[in-house]
Amino acid sequence: MLVRNFIFWLSGKKSVTSLIARRGMKHGFARRFVAGESLGDAISASQELRRAGRTISLNHLGENVSTPEAARASRDSYVEMVRELEANHLQGNISIKLTQLGLDFDRALCQSLAMEIAATAAELGRTIEMDMEASAYTDATLDIFEAVQRQHKNAGLAIQAYLFRTEKDLARLAPLRAKIRLVKGAYRESPQIAIQKKSDVDANYKKLASVLFEGAARGDFLPAIATHDPAMLAHARQEIARLKLAPKQYEFQMIYGIRRDLQEEIHAGGHTLQIYVPFGTDWCPYFMRRLSECPANCWFVLRSLAAESFHPPR
Ligand code: FDA
């Protein structure tokens with residue numbers, strides 16, 4: 001937790017993030033978690049994943065835009081991503097962040113842009129997923145998700161096991177019969193609203209996974225178990241066996257570049273595995289969250305930066 005808080009603190013330091021942003025792609029360490037800076041890079045990475053039997057969810061990195069023009073540009077980019085998936089015959093979808101569509105300053109605009117993206121996807125017979133961001137956005141995200149899903153019936157939503165409210169939110173979501181991506185939660189949240197201890201978050205993750213799987217047996221949810229934690233994966237597999245769920249009634253999801261050994265194990269077990277494939281120039285905040293989840297990642301960044309200090313690029 002200490003290291004995690006330290007990395008969250010560092011991610012607010014412009015001198016650190018701009019050093020990482022300047023060097024990360026050039027020296028390759030960002031490529032471990034980010035497919036590249038362009039949509040073309042992400043499509044190439046996705047084609048490779050398809051050959052390995054994975055489905056994908058493309059994510060154009062970026063968050064918290066502050067003008068309507070930037071929000072509309074994000075909408076255009078998401079629409080282009082859906083069309084590129086179709087043109088390249090790639091199985092999968094896109095993951096969107098509502099703060100990229102103006103949620104901070106114009107909720108109505110944000111909702112209408114999300115509707116447009118879902119409409120384009122629906123025309124092509126495709127789905128979208130909504131990421132869940134920090135808790136300040138949870139209510140608005142649920143509302144917008146609900147509106148989009150009612151209208152187009154092709155949306156999925158991430159929910160976070162560390163929030164106390166999540167079990168109640170699941171009861172609200174059940175009638176929508178949507179894909180629900182269960183994650184532990186990646187933001188720093190206060191003890192008033194979020195579980196702080198890892199073992200307690202893990203216990204709640206298992207409890208919510210069971211709620212989702214039981215809902216899947218009734219047809220209420222398509223659970224997407226999004227984690228790299230072997231204990232969570234073992235629990236999910238037990239529940240799938242207990243409830244005798246067929247592979248099309250659930251899926252697993254993991255992040256590009258993380259625990260490729262587990263990715264292979266899940267795929268070899270005959271389960272659907274969707275890989276979250278992030279790309280874009282604004283990759284630094286995402287990259288810092290991945291560092292905060294696994295302190296060992298910091299060493300390879302530091303090694304890479306130190307190597308450069310001894311062998312500066314010409
Ligand atoms: P945990 O953090 O306990 O890690 C378990 C093990 O996994 C570690 O011991 C390590 O081996 C490995 N591991 C985990 N993270 C690693 C990393 N960065 N580098 C290397 N190894 C790592 N969050 C959110 O708030 N909103 C969202 O919309 C999403 N969306 C999302 C989609 C998908 C497909 C995934 C897998 C995750 C998210 N998340 C997310 C992130 C999620 O909340 C969480 O922060 C990370 O998945 C890390 O938690 P784990 O469940 O993997 O377990």
Side-chain angles (χ1 to χ4, degrees), residues 1 3-4 7-8 11 29-35 49 54-61 63 92-100 103 128-138 141-142 145 155-163 165-166 169 179-189 193-206 208-209 223-236 251-263 265-266 272-278 283 285-301:
M1 188 50 93
V3 177
R4 193 160 196 225
I7 295 169
F8 274 123
S11 49
F29 59 78
R31 286 225 176 236
R32 161 93 188 268
F33 305 123
V34 179
L49 289 164
R54 287 19 161 194
T55 66
I56 48 119
S57 190
L58 283 185
N59 174 251
H60 191 186
L61 293 168
E63 37 210 80
N93 62 25
I94 59 166
S95 284
I96 69 174
K97 276 195 173 51
L98 295 183
T99 64
Q100 272 179 314
L103 185 56
I128 65 165
E129 292 183 26
M130 289 184 198
D131 288 351
M132 186 60 82
E133 300 177 69
S135 60
Y137 305 109
T138 310
T141 303
L142 284 166
F145 168 73
L157 178 69
I159 52 142
Q160 295 154 327
Y162 63 12
L163 293 184
R165 59 178 287 167
T166 295
D169 290 337
K179 185 199 274 194
I180 300 295
R181 179 202 303 164
L182 179 61
V183 302
K184 288 190 185 176
Y187 299 84
R188 188 160 53 163
E189 301 289 0
I193 57 163
I195 305 168
Q196 304 293 309
K197 221 167 121 195
K198 178 176 160 43
S199 57
D200 294 342
V201 175
D202 290 354
N204 203 40
Y205 191 101
K206 288 184 188 170
L208 296 173
I225 299 301
T227 179
H228 318 93
D229 185 335
M232 303 304 114
L233 295 172
H235 174 77
E251 73 181 30
F252 290 91
Q253 295 190 358
M254 294 192 198
I255 293 178
Y256 182 78
I258 296 182
R259 292 301 306 257
R260 282 169 284 204
D261 55 332
L262 283 181
Q263 295 186 10
E265 193 184 306
I266 290 291
T272 301
L273 175 61
Q274 179 175 285
I275 304 297
Y276 186 91
V277 180
W283 48 265
Y286 172 87
F287 183 74
M288 295 302 278
R289 282 200 292 279
R290 301 291 80 81
L291 290 190
S292 77
E293 287 156 1
C294 187
N297 291 338
C298 297
W299 290 115
F300 98 99
V301 173

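FYI, side chains are in, hydrogens and waters are out, and symmetry mates aren't considered; it's all heavy atoms of this structure. Order of listing sets the numbers, starting from 1, for every ligand and every atom in it. In what follows, residues are counted from 1 in the order of the sequence shown.
If you look at Y187 next to ligand 1, the close heavy atoms, those under 4.0 Å, all belong to the side chain. When heavy-atom distances to ligand 1 are checked against a 4.0 Å cut-off, M232 has no atom that comes that close, whether in backbone or side chain. Counting heavy atoms under 4.0 Å from ligand 1, residue D229 touches it through both backbone and side chain.
In the candidate list H228, E189, Q160, R290, Q160 is nearest to atom 25 (O) of ligand 1, counting heavy atoms.
Atoms of ligand 1 found under 4.0 Å from any heavy atom of A226 (numbered from 1 in listed order, with element): 33 (C), 34 (C), 35 (C), 36 (C). Counting atoms of ligand 1 from 1 in the listed order, those under 4.0 Å from a heavy atom of D131 are 28 (O). Within ligand 1, counting atoms from 1 as listed, the ones closer than 4.0 Å to a heavy atom of K184 are 1 (P), 3 (O), 43 (O), 51 (O), 53 (O). Distances below 4.0 Å separate heavy atoms of K198 from the following atoms of ligand 1: 3 (O). For ligand 1, the atoms lying closer than 4.0 Å to a non-hydrogen atom of R259 are 11 (O), 12 (C).
In terms of polar-atom proximity, defined here as any N/O pair under 3.5 Å, A158 makes no such contact with ligand 1. For ligand 1, one of its N or O atoms has an N or O atom of M132 under 3.5 Å away. An N or O contact shorter than 3.5 Å links G185 to ligand 1 by distance. Between Y162 and ligand 1, not a single N/O pair is under 3.5 Å apart.
Within the 4.5 Å cutoff, the side chain of Q274 has heavy atoms near those of the N93 side chain. The shortest distance between side-chain heavy atoms of M254 and L233 falls below 4.5 Å.
Note: Y286 and Y276 have parallel aromatic rings, judged against thresholds of 30 and 60 degrees for the angle between ring planes.
Closest heavy-atom contact between D131 and N59: OD2-ND2, 3.7 Å.
Annotation: side chain to side chain contact (heavy atoms under 4.5 Å, CB included) contacts of A224 (sequence neighbours excluded): K179, R181, E251, Q253. The side chain to side chain donor-acceptor pair (under 3.5 Å) search around R165 returns D139, D169, not counting sequence neighbours.
Of the charged side-chain nitrogens involved, none lies within less than 4.0 Å of a carboxylate oxygen, so that K206 and D202 do not count as a salt-bridged pair.
Between the side chains of E133 and T99, a donor-acceptor pair is found at a separation under 3.5 Å. No donor-acceptor contact under 3.5 angstrom links the side chains of Q160 and E189, judged on distance only.
Put simply, part of R181 is less than 4.0 Å from ligand 1, judged by heavy atoms.
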